[in-house]
Amino acid sequence: MQKQRGVSLLGLMVIGGIIALGVIVGMQVVPSFAEYQEIKKAVNLAKDAGTTVPEIRASFDRSVQAGYITTLTGKDLDITKDTKGEIVIRFAYEKKLPLFGPVSLVIDYEGSSKTR
């Protein structure tokens, strides 16, 4: 008698459950990460567009209206100058993504115009 090969029904159900969980998490995380990338682009555009804090905030707010950014506004940006006198824009926020039932995923995003 030869050895049987293949996956049992229980094994197939476990693998299917793991794949389904990965798809659920991926469907929530990918749009959130895409928004983070848009915020980074908008911050760098705002830095290049203005020299004063109100100009930078206004430029960022225009990018927010044109893009798919719902998490931050110009008021949420931390705008400072470094020791060389260069403008540095920082942002940080927390995104809570509901997965299913009482289970949620919390992602802390942060970035700076220095990290291009």
Would you say the side chain of Ser32 lies within less than 4.5 Å of the side chain of Leu97, judging by non-hydrogen atoms?
yes
Residues 56-67 vs side chain to side chain donor-acceptor pair (under 3.5 Å), sequence neighbours excluded, gives none
For the hydrophobic clusters of this structure (ILVMFWY residues joined by side-chain heavy atoms under 4.5 Å, transitively), does one cluster hold both Val29 and Met27?
no
Rest of the hydrophobic cluster containing Val106 (Ile/Leu/Val/Met/Phe/Trp/Tyr, side-chain heavy atoms under 4.5 Å)?
none
Does a sphere of radius 6.0 Å around CD in Glu110 hold more than 12 heavy atoms from other residues, nucleotides or ligands, not counting ones at 6.0 Å or beyond?
no
What distance do Ile69 atom CD1 and Gln37 atom CD have between them, rounded to the nearest 0.5 Å?
11.0 Å
Would you indicate whether the side-chain heavy atoms of Phe91 and Phe60 approach each other to under 4.5 Å?
no
Sequence neighbours excluded, the answer for side-chain hydrogen bond (donor to acceptor under 3.5 Å, both in side chains) partners of Asp78 is none
Report yes if the side chains of Val64 and Leu72 come closer than 4.5 Å at any heavy-atom pair, otherwise no.
no
Tell me if a side-chain donor or acceptor on Asp76 pairs with a main-chain N or O of Thr73 at a distance below 3.5 Å.
yes
Show your working on side chain to side chain donor-acceptor pair (under 3.5 Å) between Tyr36 and Thr71 and close with a plain yes or no.
CA-CA 9 Å; Tyr36 169 70; Thr71 307; over 6 Å; no
Any chance you could measure Ile79, atom CD1, to Glu55, atom CD, to the nearest 0.5 Å?
10.5 Å
With the 4.5 Å side-chain cut-off for hydrophobic clustering, are Ile19 and Val25 part of the same group?
no
Nearest 0.5 angstrom please: Thr70 OG1 to Glu38 CD, how far?
11.5 Å
Which residue pairs pass the side chain to side chain donor-acceptor pair (under 3.5 Å) test when at least one of the two sits in residues 90-102, sequence neighbours left out?
Glu35-Lys95, Thr80-Arg90
Leu99 reachable from Leu21 in the ILVMFWY side-chain graph, under 4.5 Å edges:
yes
Derivation of the side chain to side chain contact (heavy atoms under 4.5 Å, CB included) call for Val88 and Ser112:
CA-CA 7 Å; Val88 178; Ser112 170; 3.6 Å; yes
So, taking the atom named CG in Leu77 and the one named CD1 in Ile56, what distance separates them when rounded to the nearest 0.5 Å?
9.0 Å
Hydrophobic cluster membership, Ile39 vs Val53, 4.5 Å side-chain cutoff
yes
Going by salt bridge (charged side-chain N to carboxylate O under 4.0 Å, His left out), name the residues that satisfy it together with Glu86, two or more places apart in sequence or in a different chain.
Lys47
Grouping ILVMFWY residues whenever side-chain heavy atoms fall under 4.5 Å, the cluster of Val14 otherwise contains Ile18
Going only through I, L, V, M, F, W and Y residues with side-chain contacts under 4.5 Å, is there a path from Ile24 to Val103?
yes
